[in-house]
Amino acid sequence: MEYQFADGFWWGSATSAPQSEGAAARDGKSRNIFDYWFEIAPERFHDRVGPGEASTFYDHFRTDIGLLKTLGHNTFRTSISWSRLIPDGDGEVNPQAVAFYNAMIDELLAQGITPFINLYHFDMPLCMQQRGGWESRAVVEAYARYADTCFGLFGDRVTHWFTFNEPIVPVEAGYLNDLHYPCVVDFKRAVTVAYHSVLAHAMAVQRFRARELPGNIGIILNLSPTYPRSDAPEDRQAAHDADLLLNRSFLDPVAKGRYPAALLQLLERHGLMPHCEPQDAQLIEDGVVDILGVNYYQPRRVLAKEGRRAEGPIASPEDLFSYYAMPGRKINPHRGWEIYEKGLYDILMDLKENYGNLPCYISENGMGVEGEEAFIGADGRVEDDYRIDFIREHLKWLHRALAEGSQCKGYHLWTFIDCWSWLNAYKNRYGLVRLDRADQHRTIKKSGYWFAEAARRNGFD
Ligand code: BGP
């Protein structure tokens, strides 16, 4: 076999509580910001489909975990919903949530699938948002208590913990680009949200380690390797600034325990430094992860910004660089994202060379396609050869990175069953399994069979 992986390589997929569970208003769960936003602005969601039902994992988790087994998974990531576990954000634990998560974790273990549990996937409880969300240090403290509660309840069986999924997304989408609630557009406030997310991460790590539980803790970051259009110094400067603001702003504190000096200087020059407390630096230093999850979808290609200001107020990161579409690029037209498989290798090599070869895994990678019903064959399954190609080509680059010494432990696809997406709802389908929304029927796609076989053989030709 040409592409063989090491024993124990993690084959699996990822989802999140708000995108899969449904039961958004049942069994004691309070509203998170997406539940609320859908109530007040349903027109912001594709086809006016909100998160209420999602892919009904809450009701079908046993059969879904059976499907995971069929799909060859040895590992699976989902998240705990803070607003389900602690409905008022900071008080009593909801026993129905504990029962659900216990049953889900136990079922995974019974099927021989290691649960990877993430604590925050964009889903701030509404009551915590009303107290300031990530702009508030009190909310950061409440998150740390929530995390500690999870470790106490489930840490006897869960050995792979993650503090956040893509913490930069709520920063960009919620505080810069008017894409997610609370739809604030304010760079300075966005920087505070980012900084407080790092503090929250570090506090959760501290609480986890204080308990001396078995297992390890990490974070999941969306890293987009950043390429300048040319070697011209202005283009390289643009790539440098974009990388600092959009990759290293999270990667360096969680992987090295400190912010890049160049990032702090950049924030100073533009009057964007957040308020820091004296104890923060030590906390961040102690928050270095055991493992990093890397979500990789697309590269970031940039060029110099016309009229870029070297200092003084700026409104957004994009005041320092411009995006650029590489001529001839391969693209997924449904999502508008470039497909550049080598980017995955470039990230892994960066981690190897510049981040002490930190243990990591690909925690998300995937291809969302609209109108997949057009690919349903005679036997009723989606013939998604494009997804098989997508996975295989990325795995080839992962394999090469391993040959060159990367400590990448596995590959998780986004996602196992078509699930609800933040704004696009069910427009783009990502699953190895098709979800029929009319009756919630699940049908394994061709890619699901391919994935199961690759997992079983621990490689492919
Ligand atoms: C990642 C998120 C996931 C998922 C995925 C696909 O950024 O962690 O939650 O949604 O992207 O993106 P989208 O659903 O926007 O197409």
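This is a predicted model, so every value here is computed, not measured. When a ligand or atom number is given, it counts from 1 through the structure's own listing order. Residue numbers run from 1 in the order of the sequence given.
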Looking only at protein heavy atoms, which one is nearest to [atom], and how far off is it?
atom                    : result
atom 15 (O) of ligand 1 : Arg335 NH2, 2.7 Å
atom 7 (O) of ligand 1  : Glu166 OE1, 2.6 Å
atom 1 (C) of ligand 1  : Glu364 OE1, 3.2 Å
atom 5 (C) of ligand 1  : Tyr297 OH, 3.4 Å

Salt bridge check, [Y] against [X]: does any charged N sit closer than 4.0 Å to a carboxylate O?
X      : Y      : answer
Asp290 : Arg209 : yes
Arg31  : Asp123 : no
Asp389 : Arg392 : yes

Go through the structure and list residues passing salt bridge (charged side-chain N to carboxylate O under 4.0 Å, His left out) with Arg387, not counting sequence neighbours. Glu372, Asp384
Which ligand 1 atoms does His121 reach within 4.0 Å, using its non-hydrogen atoms? 2 (C), 3 (C), 8 (O), 9 (O)
Atoms of ligand 1, numbered as shown, that sit under 4.0 Å from any heavy atom of Gln19: 3 (C), 4 (C), 9 (O), 10 (O)
Is it the side chain (CB and beyond), the backbone, both or neither of Asn165 that lies under 4.0 Å from ligand 1, heavy atoms counted? side chain
For ligand 1, which part of Trp337 has a heavy atom less than 4.0 Å away: the side chain, the backbone, both, or neither? side chain
Set of side chain to side chain donor-acceptor pair (under 3.5 Å) partners for Tyr181, sequence neighbours left out: none
Nearest to atom 12 (O) of ligand 1 by heavy atom, Trp422, Tyr430, Phe122: which? Tyr430
With respect to Phe162, which candidate in Ile217, Asn118, Leu292 satisfies the side-chain contact (heavy atoms from CB on, under 4.5 Å) definition?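 Going through Ile217, Asn118, Leu292 one by one, the side-chain contact (heavy atoms from CB on, under 4.5 Å) with Phe162 is satisfied by Asn118 alone.
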Contact check: Asn428 vs ligand 1, nitrogen or oxygen atoms, below 3.5 angstrom: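 No; every N/O pair is 3.5 Å or more apart.
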So is there a nitrogen or oxygen of Ser421 less than 3.5 Å from a nitrogen or oxygen in ligand 1? yes
Is Arg258 atom CZ crowded by more than 12 heavy atoms from other residues, nucleotides or ligands, each under 6.0 Å away? no
Show the numbers, then the answer: is there a side chain to side chain donor-acceptor pair (under 3.5 Å) between Tyr355 and Asp252? CA-CA 8 Å; Tyr355 292 87; Asp252 282 44; 2.5 Å; yes
